[in-house]
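To start, the structure itself, in structure tokens.
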Protein chains: 2
Amino acid sequence: MFTGNKYIYLLLIFKISVLKEVLPKFNSTFSIDCVLFGFDEGELKILLIERNEEPFKDWWALPGNLVEENESLDQSATRILHELTGLSDIYMEQYYTFGDVNRHPQGRVVSIAYYALLRLGGDKVVKPISNYAKQAYWINVKDLPKLAFDHQQIFEKGMEKIMRRIKHQPIAFELLPEKFTLTQLQNVYEVILNKKLDKRNFRKKMLSFGVLRDLNEKQYGVSFRAATLYKFDKRKYAKLFSKEISF
Amino acid sequence: MFTGNKYIYLLLIFKISVLKEVLPKFNSTFSIDCVLFGFDEGELKILLIERNEEPFKDWWALPGNLVEENESLDQSATRILHELTGLSDIYMEQYYTFGDVNRHPQGRVVSIAYYALLRLGGDKVVKPISNYAKQAYWINVKDLPKLAFDHQQIFEKGMEKIMRRIKHQPIAFELLPEKFTLTQLQNVYEVILNKKLDKRNFRKKMLSFGVLRDLNEKQYGVSFRAATLYKFDKRKYAKLFSKEISF
DNA sequence: TTACTTAGTGTAAAAAATACACGCTATATT
DNA sequence: AATATAGCGTGTATTTTTTACACTAAGTAA
């Protein structure tokens, strides 16, 4: 059957083998690494995985993956987040690209870093799924283990980023459940900015922006006096964007 | 001569053709694009080249080039700036990575964008050098032509970046000659922020930071009253970094 | 000498940021 | 039922920062 087309047949086989040899290099040149921030039990946490593959097998690392050929960076970040957490519709932001020659021991891999802010606790607990990881855990940012690759650096830059961003944009709300108390909100600011804030001044300023809706509703099931619940009013973003909020 | 090895001969030819087809793709997967800001004659300008190669031959574009395999992104940006302008020791900052699938018509090229601030005019005129460009010009940011690729978007994001940065970091000084007048400094702020500032309030605030050294020296060779020259005191950065400067 | 152009200066009012302490109230305990 | 507990919620005075605003001074050119 192939007698007349021997050449072509062999060439096809060969083509496939060459492509297999070269394309993986191509495919492995970008990756996305994600710093997923979550707020739970008064602590700021990030999602870390325990690697199950070389290099850095058994090390802790930021979740990440390779970018595929037919997806944009943002799409890739969204996909990777979904694969890891099952979550969709989470706002992720690209914040820096790490491209030192030897950052990956197996070749040149440039990594584009994204962060996202997730609501933890409550009914929306994030159950990480992953095939290249043994396990995934939420770990307090003040108590991080040693990380694989240059992930320590990637984390630190992400942390700096949200410290700056929280003064300009209402990102704190993304870490809280839909209904929250002012004390919880203040906790988010305190943990991210890493300093104590004055309760009265905090409340005065926050309420003055007019982006909080008093729900006329109280916490339920807490010991001691229940606090009023608030909701974030998304239509009134603009005012917070325009100016630095100093605490 | 090749009778016994016809297959191998053909396969070799084929291998070369396949590699040529695939490897350039690999090499071309990252590029650096630079937004080089300069301040001259009271105007904020950027360096644009007129392309002399396909794709987008004859279009205006941001200067940029491919990242080589043995250099980090920062090194690559520094090299590309040097090749284009002959300048060294210029601080460049990476600010965003553009990776839409179809941003480059000839394949997947992810571009890491950097900006730099340069002193124009005086004796330090930048003479751009380039081999893939017909010419390079400094063009007022308020009067930009249509740009190749997604370079309009890259420029806009860079512009936003320096608008925000100038409120936190003393980048204005990098656009001015070593000795400058307060009016020139105010001009830089006005052009970048795109609004008029009050002269007295501007001077009061700037001087209050204590980062300006009065040189007890006047402008020379100007029509009309000569202004006092100042110099930026680099040791006193910190104060400006810590807080937003509002104008 | 005059006309012109830019340099250089101060104050008052408004707004924003800061510092600071105690009574309230819902729950848990006895 | 009384009491202890622990987080909730509130106001004012002071200081600092921001804003608005207009004229005189000095040097150049004709």
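Chain A is the first sequence line, chain B the second, and so forth, proteins listed ahead of strands; every chain is numbered from 1.
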Figure out the [atom1]/[atom2] separation between [X] and [N], and round it to whole Å.
| X | N | atom1 | atom2 | answer |
| --- | --- | --- | --- | --- |
| B:L197 | D:dT18 | CG | C1' | 13 Å |
| B:K218 | D:dA25 | NZ | P | 15 Å |
| B:M206 | C:dG8 | CE | P | 16 Å |
| B:R203 | D:dT17 | CZ | C1' | 21 Å |
| B:K195 | D:dT18 | NZ | P | 12 Å |
| A:Q186 | D:dT10 | CD | C1' | 14 Å |
| A:K205 | C:dA15 | NZ | P | 15 Å |
| B:F202 | D:dC21 | CZ | C1' | 18 Å |

Polar atom pairs between nucleotides 10-13 of chain C and protein, under 3.5 Å, N or O only, would you list them?
from: C:dT11; atom 1: O4; to: B:K204; atom 2: NZ; distance (Å): 3.0

Please say whether the positively charged group of B:K157, taken as NZ for Lys or CZ for Arg, lies over the ring of B:Y96, i.e. under 6.0 angstrom from the six-membered ring centre and within 45 degrees of the axis. yes

Do B:D33 and B:F98 have side chains that approach each other closer than 4.5 Å (heavy atoms only, starting at C-beta)? no

With heavy-atom distances below 4.5 Å as the criterion, would you say the side chains of B:K142 and B:N194 are in contact? yes

Between A:S76 and A:L73 (side chain of the first, backbone of the second, donor and acceptor by atom type, cut-off under 3.5 Å), is there such a pair?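 A pair under 3.5 Å: no.
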
Give the minimum heavy-atom separation between B:L120 and B:F39, together with the two atoms involved. CB-O, 3.7 Å

For B:R103 and B:V110, work out which heavy atoms get closest and say how close.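 So the minimum-distance heavy-atom pair works out to NH1-C, 4.4 Å.
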
Taking atom types as they are modelled, would you say the side chain of B:R225 forms a donor-acceptor pair with the base of C:dA7 within the 3.5 Å cutoff?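 Answer is yes: a donor-acceptor pair is held.
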
Take A:L207 and A:S223, find for each the nucleotide of DNA chain D with the closest heavy atom, and name the residue whose nucleotide sits nearer the 5' end. A:S223

Is it true that B:F180 and B:F173 have ring centroids separated by less than 6.0 Å? yes

Hey, which of these two, B:A226 or A:G221, hits DNA chain C nearer its 5' end, going by closest nucleotide?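 Taking each residue's closest nucleotide, the earlier one in sequence belongs to B:A226.
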
Distance below 4.0 Å between B:T228 side-chain N/O and C:dG8 OP1 or OP2: yes

Which part of the nucleic acid, if any, lies within contact of A:T181, taking any heavy atom under 4.0 Å across all strands shown: a base, the sugar-phosphate backbone alone, or nothing? nothing

